[in-house]
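Below: one structure, written as structure tokens.
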Number of protein chains: 2
Amino acid sequence: MSAKPRIERAALEVFAAHGVDGATTKLIAARAEVSEGAIYRHWKSKDELAIGLFMAAHKRLSDLIEAEAGAVHGVAAKAAALVKAYCTAADEDWTLFSFHLLQLHHFLPYYQDDGRDPVTLVEMIIKYAMMKMELPPGDPRVVAAMAIGVITQTAQNKAYGRLGDDALSAHAPLMTAAVLAVLKAR
Amino acid sequence: MSAKPRIERAALEVFAAHGVDGATTKLIAARAEVSEGAIYRHWKSKDELAIGLFMAAHKRLSDLIEAEAGAVHGVAAKAAALVKAYCTAADEDWTLFSFHLLQLHHFLPYYQDDGRDPVTLVEMIIKYAMMKMELPPGDPRVVAAMAIGVITQTAQNKAYGRLGDDALSAHAPLMTAAVLAVLKAR
DNA sequence: CACTTGCAAGTAAATGCTCACATACCGCCA
DNA sequence: TGGCGGTATGTGAGCATTTACTTGCAAGTG
């Protein structure tokens, strides 16, 4: 079996557990049952490996949000779509998702803001809904942050082991109601 | 002027910017305009320094939540108190607060759960309110996470520079309404 | 053969931390 | 008051270890 996917999995787990700076190439190699040199056959540096994994998660989540939210109309449906996007990403690869969640701030300097990150996407949805009077007025940046916070903090607490082993989607109905309530609250 | 407080400030800034593992003792010393050795006159290790700072922030926030929420009655007032506690902590020392916010997961293994962390405190408030039928039933762990997420994600986006330079408390009314909406939503 | 993938041993640089030494501070008693 | 000793504080060169990464070689593949 090829080493590359094994290294990716191992790196993901180690990065999620120890952070990018706390992770060592030795640990990653050991976990993948591969020599350290093997890593450098496929990536130029530890950081390139980390960035690649992070961007994959980032893109996956952004794509899901765009697809789910773009397919429906009305605030309630958009809220449900947002929750569904996060839950799908979390359920289909929890390690990748939690790595993205917990290490976000490490990579902020890297990703160019092409407006395709989750926060900006949600901001735009909210702005549009406010224009159409489907939502009461208010700073869209703050409203977006609060709505996303409902989901991400729940996911974080799950990552911290405070919510048991249920999939994130087990809490989707509750989160959907809460996101919608946040959007409408003022 | 004594070096200890200067080191604490410098460490806080460097930890917040680079993370605990990414921060070097050399950088901290340089920023504090102090020799590296001076750090070790006051702390046994870099980690001890980091843990000390983190715990100070952790305790401050927990104390504020306990005090503010303990002084009022009713769900609406408790929600306002929670927001006020976070805003006070953030406004009185933003560097300390954002360090605590962004590096939380690094210190999770350390703090013994004596039930005095912010999440547990909020969970207990919610449980009690549900018992008294002031809130609709639901998993208190998830409801607490969602309510806190409204505040922490807003703070995180501010830390990421997405909300301008206003104090966190500038958004307190909006956050209070949102937290209350989350608590009641189902 | 050409090319990719993997290994084991190694390298230079960096990191956290120490230690011998210097200086500032402070109570104490003549 | 002023000199004295003990302690707390700060220095910076230096140490052992760890780190990311490299390199020469071998085996698999087509």
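Here is how names work: the chains are called A, B, and so on, in the same order as the sequence lines, proteins then strands, and each is numbered from 1.
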Is there a donor and acceptor pair closer than 3.5 Å between the side chain of A:E36 and the base of C:dC7?
no
Among D:dG10, C:dC7, D:dA20, the one nearest any side-chain atom of A:K46 is D:dA20
Do the side chains of B:R60 and B:E92 get close enough for a salt bridge, i.e. N-O under 4.0 angstrom?
yes
B:E33 CD to D:dT11 P, straight-line distance once rounded to whole Å
10 Å
Compare side-chain N and O positions of B:Y40 against OP1 and OP2 of C:dT18 and report whether any pair is under 4.0 Å apart.
no
Starting from C1' on D:dT19, measure out to NE2 on A:H18 and report it in whole angstrom.
15 Å
Mind calculating the distance between NZ (B:K44) and P (C:dT18) to the nearest angstrom?
10 Å
Euclidean distance, atom CD1 of residue B:I7 to atom C1' of D:dT9 [Å, nearest integer]:
10 Å
Taking NZ, NE, NH1 and NH2 as the nitrogens, is one of them in B:D93 or B:R9 under 4.0 Å from a carboxylate oxygen of the other?
yes
Does the gap between the ring centers of A:F54 and A:H100 come in under 6.0 Å?
yes
B:D117 bridged to A:R162 by N-O distance under 4.0 Å
yes
Using a cut-off of less than 4.0 Å, is there contact between a side-chain N or O of B:S35 and OP1 or OP2 of D:dG10?
no
Residue whose nearest DNA chain C nucleotide is more 5′ - A:V34 or A:K26:
A:V34
Return the value, rounded to whole Å, for the distance between atom CH2 of A:W43 and atom P of D:dC21.
13 Å
Among C:dC7, D:dC21, C:dG16, which is the nearest nucleotide to the side chain of A:S45?
D:dC21
Just to confirm, is there a sub-4.0 Å distance from OP1 or OP2 of C:dT4 to any side-chain nitrogen or oxygen of A:H42?
no
Rounded to whole Å, CG of B:D47 lies from P of C:dC17 at a distance of 7 Å
Salt-bridge present (B:D165, B:K158; N to O < 4.0 Å):
no
Just to be sure I understand the rule, does A:A23 reach a base, reach only the sugar-phosphate, or reach nothing, if contact means heavy atoms closer than 4.0 Å?
sugar-phosphate
Tell me which nucleotide among C:dG6, D:dA20, C:dG16 gets nearest to the side chain of B:T24.
C:dG16
Taking the nucleotide of DNA chain D with the nearest heavy atom to each, does A:T25 or A:R41 sit closer to the 5' end?
A:T25
Roughly how many Å is it from NZ in B:K4 to P in D:dT9, rounded to a whole number?
8 Å
